[in-house]
Q: 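Encoded as C-alpha cells, here's the structure I'll be asking about.
Throughout, numbering of the chain's residues begins at 1 and tracks the sequence. This is a predicted model, so every value here is computed, not measured. Each ligand, and each atom within it, is numbered from 1 in the order the structure gives.
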Amino acid sequence: MTHAVPIELKNLRWSVNNLTILHDLSLTIPAGEILALLGPSGCGKSTLLKLLAGLLQPTAGELWIGDRCAASARHCDAPEMRNLGMVFQDYALWPHMTVAQNVAFPLRMRGVKKATAREQADAALAQVGLADFGDRKPALLSGGQQQRVALARALVAKPAILLFDEPLSNLDRDLRETLVHTMADLLRSAGITAVYVTHDREEANTLADRIIHLAQGQIVSVTHLSGDRNAISQVS
Ligand SMILES: Nc1ncnc2c1ncn2[C@@H]1O[C@H](COP(=O)(O)OP(=O)(O)OP(=O)(O)O)[C@@H](O)[C@H]1O
C-alpha cells in the first residue's frame, strides 16, 4: 500500500501567448481519490495533467501535493520530485527492451540492483495479469497487453499519484471495459490518488469517485459517484 497524498489547486492558472487556457482552477483531490477529468477537445484536460506532472509551470496560483507547494509562478518542482507516474495513450514502451526490462526501468534509474528490480517488475506484471510475459518484446503483445505493461511500469515505483491521459482510447470497446475495471481495482487496492483524463463518460463513470467536467478551461460541474452515484453539482 502506497502512502496516498492529497492534491490541491489554489486558483491555478495557465496562460500562453496572452491567452488563458486554464482559468484560476480551485480543487481539492483527497488522498486516494480517483478523479476523472471529462470535457470536449481543447478544454484544457491535458494542460491540467501537465501542470500536475510538472511538465508545465503555472502562470498564477498554487499547486499543492501533500503538504508541499509543488508549483507556483515562482517555482516548480521537477517531475521526479513529485512521486508520480504517468500512463499515456500510446503506451510509450521501449521497443528494444523486453517487457520486464521496460517495467524494471524506473527502478534501475533509481539505482535498484538488477535482480531486485526484476523481482519487483515480475510482481508488478503479475498484478496486471501478465506474469508470463516478462521475456517478450513489446511488439509481440496486443494493444491491451502493452497498456497493461505501461500500467505495471507506472505501478512498480509505488507512486503516490498516477496520472492517466486517455490511456484506453486506442483500444476497442471490449478491451476498454475489461481494462478499466482492472485499473480501478489496482488503484483502489494500492490507495493511489489518480487523475484520469478521458473523453468517454462511461469510462469515467466506471472508474472514478468523482468527475470534474471542464469547458474552456473552467470547471463547469462536478459529479460525485461514490455514495450517491448520481449527485451532480453545477459550478457557477
Ligand atoms: N503550448 C501551447 N501554445 C498555444 N496553445 C496551446 C498550447 N498548449 C495547449 N494550447 C491550447 O490550449 C487548449 C487546451 O489544450 P489541451 O491539450 O489541454 O486540451 P484537451 O482538453 O486535452 O484536448 P484533447 O481532448 O483534444 O486532447 C487548446 O486550445 C490548445 O490549442
Side-chain angles (χ1 to χ4, degrees), residues 7-29 33-65 70-79 82 84-93 143-144 146-147 150-151 154 161-173 175-177 179-180 183 187 193-223 225 232-235:
I7 300 172
E8 191 168 4
L9 282 52
K10 298 182 181 176
N11 296 311
L12 201 68
R13 184 189 309 162
W14 190 72
S15 308
V16 64
N17 303 333
N18 290 325
L19 193 67
T20 297
I21 305 294
L22 291 177
H23 298 264
D24 300 18
L25 299 184
S26 290
L27 176 69
T28 301
I29 309 172
E33 182 175 73
I34 305 176
L35 182 86
L37 287 179
L38 197 64
S41 185
C43 70
K45 303 183 294 296
S46 298
T47 303
L48 178 51
L49 219 55
K50 286 178 191 162
L51 284 166
L52 298 177
L55 303 172
L56 290 175
Q57 182 168 2
T59 308
E62 292 178 352
L63 166 67
W64 285 73
I65 296 180
S72 70
R74 289 173 302 286
H75 88 285
C76 190
D77 286 351
R82 300 184 184 201
L84 53 82
M86 282 197 81
V87 181
F88 304 95
Q89 183 174 341
D90 62 1
Y91 326 135
L93 301 174
Q146 291 191 46
Q147 195 53 292
L151 182 61
I161 297 169
L162 268 183
L163 306 176
F164 295 87
D165 199 353
E166 306 204 36
L168 306 182
S169 57
N170 281 340
L171 306 175
D172 65 41
R173 175 151 291 282
L175 255 179
R176 286 215 301 271
E177 273 176 22
L179 258 182
V180 82
M183 284 187 180
L187 291 171
T193 310
V195 180
Y196 190 98
V197 164
T198 180
H199 275 111
D200 186 328
R201 187 176 297 270
E202 258 181 62
E203 208 172 287
N205 276 332
T206 306
L207 184 97
D209 298 313
R210 192 160 55 124
I211 303 175
I212 298 291
H213 303 261
L214 281 182
Q216 297 177 332
Q218 288 176 313
I219 298 172
V220 287
S221 66
V222 183
T223 308
L225 294 165
I232 299 179
S233 43
Q234 296 294 329
V235 176

Q: Which of the atoms of ligand 1 are close to P40, meaning less than 4.0 Å from one of its heavy atoms?
A: 21 (O)
Q: Can you tell me the protein heavy atom closest to atom 27 (O) of ligand 1 and the distance?
A: S46 OG, 3.9 Å
Q: Under the criterion side chain to side chain contact (heavy atoms under 4.5 Å, CB included), which of I21, V197, L163, L9 is the partner of L48?
A: L9
Q: Under 4.0 Å from atom 31 (O) of ligand 1, is there at least one protein heavy atom?
A: no
Q: Keeping R176 on the side-chain end and L171 on the backbone end, is there a donor-acceptor pair under 3.5 Å?
A: yes
Q: Output yes when the distance from some N or O of ligand 1 to some N or O of V16 is under 3.5 Å, and no in every other case.
A: no
Q: Against heavy atoms of E166, which atoms of ligand 1 measure under 4.0 Å?
A: 25 (O)
Q: Tell me whether ligand 1 is touched by G217 - counting only heavy atoms on the residue side and a distance under 4.0 Å.
A: no
Q: Check each of V222, I219, T223 against H213 using the side chain to side chain contact (heavy atoms under 4.5 Å, CB included) test, and report the only one that passes.
A: T223
Q: Heavy-atom contacts with T47 under 4.0 Å: which atoms of ligand 1 show up? List them by number with element.
A: 14 (C), 15 (O), 16 (P), 18 (O)
Q: Would you check whether H199 reaches within less than 4.0 Å of ligand 1, judged by its heavy atoms?
A: yes
Q: Counting only heavy atoms on the protein side, is anything nearer than 4.0 Å to atom 13 (C) of ligand 1?
A: yes
Q: Say you draw a straight line from OG of S15 to NE2 of H23; how long is it, rounded to the nearest 0.5 Å?
A: 8.0 Å
Q: Between R82 (side chain only) and I161 (backbone N and O only), is there a donor and an acceptor less than 3.5 Å apart?
A: no
Q: Is the backbone of D209 close enough, under 3.5 Å, to the side chain of E33 for a donor and an acceptor to pair up by distance?
A: no
Q: Can you tell me how far CD1 of I34 sits from CD1 of I211, rounded to the nearest 0.5 angstrom?
A: 12.0 Å
Q: Considering heavy atoms of the protein only, find what lies nearest to atom 25 (O) of ligand 1 and give residue, atom and distance to 0.1 Å.
A: K45 NZ, 2.8 Å
Q: Return a yes/no value for N17: is any of its N or O atoms, backbone included, closer than 3.5 angstrom to an N or O of ligand 1?
A: no
Q: Looking at E177, I want to see if its CD is surrounded by more than 12 non-hydrogen atoms of other residues, nucleotides or ligands under 6.0 Å.
A: yes
Q: Considering the heavy atoms of I21, write down every atom of ligand 1 situated less than 4.0 Å from one of them.
A: 11 (C), 12 (O), 13 (C), 14 (C)
Q: First locate atom CG of L38, then atom NZ of K45, and finally report the distance between them rounded to the nearest 0.5 Å.
A: 7.5 Å
Q: Can you sort out which atoms of ligand 1 are near S41, meaning under 4.0 Å from one of its heavy atoms?
A: 23 (O), 24 (P), 25 (O), 26 (O)
Q: Which is closest to atom 23 (O) of ligand 1 in terms of heavy atoms, G42, S169, C43, A215?
A: G42
Q: Between L63 and L51, which heavy-atom pair has the shortest distance, and what is it?
A: CD2-O, 3.5 Å
Q: Of the protein's non-hydrogen atoms, which lies at the shortest distance from atom 1 (N) of ligand 1, and what is that distance?
A: W14 CH2, 4.0 Å
